[in-house]
Trainee: 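Here's a structure for you.
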Amino acid sequence: MLDDALMQGVWPNRQTIRHVLRPRSVAWFREAALIPFRGRRGLAGFMNWAIKRHFRDVHGLVTHSGAEQCRKAFPREFASYQRFAVTRNPWDYFVSAYFWRYRKLPEAERPGFETFVHAVYHDLPDHRGAEFRRKLGASFYFYADGSYALTDIIRFEDLETDWARLAGKIGLPDGAPLARAKIRTRRDRPYRALYSDETRPMVAELCAREIAQFDYTF
């Protein structure tokens, strides 16, 4: 995530900063003036807003845009750049996404995990199930125009090893750190414990493409 990178001190180059900070409308100024009152404190918070605003207004890209959207926005760069993503066992991913999505709600106010899976599987607006379903895994993030679009992949299960390999491949120094963000929102329990005989095959069907491609099992 961009805000995580900025908070870790990883900043874009000067040319990019000058480009994204060019105001384009009165609305730009108005929104920028409200940043301190909306919790985006500090220079990193302002840059996070400005960069996201630029890519949304100019290129039509938003947080978690898919591979196809990125290819259309930057066809030349997409063809020549390294393109990588992180894949994760879908059953584990659903559990992690559930706890992240409802992290700010008291436990008594959260829908049950099975309710969440049902909402996604049946493409329901309840609990934002339909929204979550549209951005599931391989088809949304890994493919563009029907073709596999990545030059490399990091498996979450081998995160440290795969990151070290990829960092070397793209020219980062040895031992380049991997920032840890968005942690400690999930209960410390095996993901399998949350599934039933009904919900387990639902996730298998929804994520059949990456399960087959990356040889995942429950």
Trainee: Is the centre of the Y98 ring less than 6.0 Å from the centre of the Y93 ring?
Mentor: no
Trainee: Between atom CE of M202 and atom OG1 of T199, what is the distance when rounded to the nearest 0.5 Å?
Mentor: 7.0 Å
Trainee: Between R101 and F132, is NZ or CZ placed under 6.0 angstrom from the six-membered ring centre and within 45° of the ring axis?
Mentor: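 No, R101 does not lie over the aromatic ring of F132.
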Trainee: With a 6.0 Å cut-off on the ring centroids, do F218 and Y195 count as close?
Mentor: yes
Trainee: Can you tell me if F74 has over 12 outside heavy atoms packed within less than 6.0 Å of its CZ?
Mentor: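 Yes, CZ of F74 has more than 12 neighbouring heavy atoms, counting only those of other groups under 6.0 Å.
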Trainee: Considering all heavy atoms of both residues, which atom of I153 and which atom of A85 are nearest to each other, and what is their separation?
Mentor: CD1-O, 3.4 Å
Trainee: Not counting sequence neighbours, which residues clear ring-ring contact (aromatic ring centres under 6.0 Å, His included) with Y141? List them please.
Mentor: none
Trainee: So which atom in P201 and which in S196 form the shortest heavy-atom distance, rounded to 0.1 Å?
Mentor: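 Looks like CD-O, 4.5 Å.
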Trainee: With sequence neighbours excluded, tell me which residues meet salt bridge (Lys or Arg N to Asp or Glu O under 4.0 Å) with D145.
Mentor: none
Trainee: Could you pull out the closest heavy-atom pair between P190 and L194, with the gap in Å?
Mentor: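 Shortest heavy-atom contact: O-CD1, 3.9 Å.
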Trainee: Please assess H127 against V120 for the test side chain to side chain contact (heavy atoms under 4.5 Å, CB included), listing each intermediate value before the final yes or no.
Mentor: CA-CA 8 Å; H127 314 297; V120 179; over 6 Å; no
Trainee: Are a donor atom and an acceptor atom from the side chains of E210 and T87 found within less than 3.5 Å of each other?
Mentor: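 There is no such pair between these side chains.
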Trainee: Using salt bridge (charged side-chain N to carboxylate O under 4.0 Å, His left out), reason through R165 and D152 one step at a time and then give a plain yes or no.
Mentor: CA-CA 10 Å; R165 173 184 54 78; D152 214 321; 2.9 Å; yes
Trainee: Quick check: does any side chain N or O of T151 sit under 3.5 Å from a backbone N or O of Q82, one acting as donor and the other as acceptor?
Mentor: no
Trainee: Using a distance-only test with no angle check, is there a side-chain donor-acceptor pair under 3.5 angstrom linking R155 and T161?
Mentor: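 No.
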Trainee: Would you find a donor on one side and an acceptor on the other, under 3.5 Å apart, between the side chain of R53 and the backbone of A50?
Mentor: no
Trainee: So, using side-chain contact (heavy atoms from CB on, under 4.5 Å) as the criterion, who are the partners of E205 when residues are at least two apart?
Mentor: Y121
Trainee: Group every Ile, Leu, Val, Met, Phe, Trp and Tyr by side-chain heavy-atom contacts under 4.5 Å, then state whether L206 and L124 land in the same group.
Mentor: no
Trainee: Can you run down the side-chain hydrogen bond (donor to acceptor under 3.5 Å, both in side chains) pairs that involve residues 70-80, sequence neighbours left out, and say none if there aren't any?
Mentor: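 side-chain hydrogen bond (donor to acceptor under 3.5 Å, both in side chains) check on residues 70-80 returns E68-R71.
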Trainee: Does V203 share a hydrophobic cluster with F99, counting links as ILVMFWY side-chain heavy atoms below 4.5 Å and allowing steps through other members?
Mentor: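 Yes, one cluster joins them.
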Trainee: CG/D126 to CZ/R128 distance, rounded to the nearest 0.5 angstrom?
Mentor: 13.0 Å
Trainee: Can you hop from W49 to V58 via hydrophobic side chains spaced under 4.5 Å?
Mentor: no
Trainee: Please name the pair of heavy atoms, one in R110 and one in L105, separated by the smallest distance, quoted to 0.1 Å.
Mentor: NE-O, 3.1 Å
Trainee: Write down the atom of I211, the atom of P90, and the distance for their closest heavy-atom approach.
Mentor: CG1-CG, 3.7 Å
Trainee: According to a 4.5 Å side-chain heavy-atom criterion applied to Ile, Leu, Val, Met, Phe, Trp and Tyr, with indirect links allowed, do F78 and Y81 form part of one hydrophobic cluster?
Mentor: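 Cluster IDs for F78 and Y81 differ.
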Trainee: Please identify each residue that fulfils ring-ring contact (aromatic ring centres under 6.0 Å, His included) with H122, with sequence neighbours left out.
Mentor: H118
Trainee: Could you walk me through whether F94 and F116 satisfy the side chain to side chain contact (heavy atoms under 4.5 Å, CB included) test, starting with their C-alpha distance in whole Å, then the side-chain angles of each, then the deciding distance to 0.1 Å, before giving a yes or no?
Mentor: CA-CA 9 Å; F94 259 75; F116 169 68; 4.0 Å; yes
Trainee: Heavy atoms only: give me the nearest F140-S65 pair and the separation to one decimal.
Mentor: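 Scanning both residues completely, I find the closest heavy atoms to be CE2-C, 4.0 Å.
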Trainee: Could you state the interatomic distance from CD (E160) to CD1 (I154), rounded to the nearest 0.5 Å?
Mentor: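 Atom-to-atom, E160:CD and I154:CD1 are 10.0 Å apart.
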Trainee: Do side-chain atoms of R200 reach the backbone of E198 as a donor and acceptor pair under 3.5 angstrom?
Mentor: no
Trainee: Atom CZ of R18 and atom CZ of R14: how far apart are they, to the nearest 0.5 Å?
Mentor: 8.0 Å
Trainee: Using side chain to side chain contact (heavy atoms under 4.5 Å, CB included), reason through Q69 and L61 one step at a time and then give a plain yes or no.
Mentor: CA-CA 7 Å; Q69 294 168 293; L61 297 177; 4.0 Å; yes
Trainee: Who passes ring-ring contact (aromatic ring centres under 6.0 Å, His included) against Y148, sequence neighbours left out?
Mentor: Y143
Trainee: I'd like to know if the side chain of E157 reaches the main chain of N89, judged simply by a donor and an acceptor atom lying under 3.5 Å from each other, with no hydrogens or angles considered.
Mentor: yes
Trainee: Would you please indicate if the ring centroids of W91 and Y191 are separated by under 6.0 Å?
Mentor: no
Trainee: Check step by step if side chain to side chain contact (heavy atoms under 4.5 Å, CB included) holds for E109 and Y102.
Mentor: CA-CA 9 Å; E109 298 179 20; Y102 299 113; over 6 Å; no
